Amino acid sequence: MYFEIISEISEVEPIAVGSQIRDLKRLRKQFGRARWRKLKGIAHVKLESGRIRRVELHWYQAHGIGKRKIKIKRYLD
């Protein structure tokens with residue numbers, strides 16, 4: 001599903017760091033070695049249909065690489 005983040009991501013908190021991440025091997029192979037963290041936060045997104053929703057997002061992030069694999073986990077409104 002396509003979506004566009006239209007607000008800042010708030011209430012950011014870590015879910016897992018380093019070896020606690022299940023997909024760590026795949027992340028390192030695809031994007032490179034780094035200190036990977038899995039994070040979650042809340043933002044407003046514009047869906048493909050044009051509808052704007054408040055959602056909980058999950059993503060992976062590493063210093064020098066940035067946010068990767070951003071996905072909507074649940075709708076909050």
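Since this is a predicted model, take the numbers as computed values, not measurements.
Partners of A43 by side chain to side chain contact (heavy atoms under 4.5 Å, CB included), not counting sequence neighbours, listed by chain and number: I5, S7, I9, L57. Remark: I15 pairs with K38, K40, H58 by the side chain to side chain contact (heavy atoms under 4.5 Å, CB included) rule, at least two apart or across chains. Listed by chain and residue number, D23 satisfy the salt bridge (Lys or Arg N to Asp or Glu O under 4.0 Å) test with R26 (two or more places apart in sequence, or in another chain). Residues forming a side chain to side chain contact (heavy atoms under 4.5 Å, CB included) with S19 (at least two apart in sequence, or on another chain): none.
Other members of the cluster containing L27 are I21, L24, F31, W36, Y60, I65, with ILVMFWY side chains joined at under 4.5 Å, either directly or via other members. Side-chain contacts under 4.5 Å among hydrophobic residues (ILVMFWY), followed directly or transitively, place I42 together with L76. Chaining together hydrophobic side chains whose heavy atoms lie under 4.5 Å apart places I6 alongside I52.
By the rule that hydrophobic residues join a cluster once side-chain heavy atoms approach within less than 4.5 Å of another member, F3 and Y75 end up as members of one cluster.
For E8, the CD atom sits in a loose shell: 12 or fewer heavy atoms of surrounding residues, nucleotides or ligands are nearer than 6.0 Å. Residue-environment remark: CZ (R35) stays at or below the threshold of 12 foreign heavy atoms within 6.0 Å.
With a 4.5 Å cut-off on side-chain heavy atoms, V12 and W59 count as touching.
Sequence neighbours left out, the pairs with a member in residues 68-77 that pass salt bridge (charged side-chain N to carboxylate O under 4.0 Å, His left out) are R53-D77, E56-R74.
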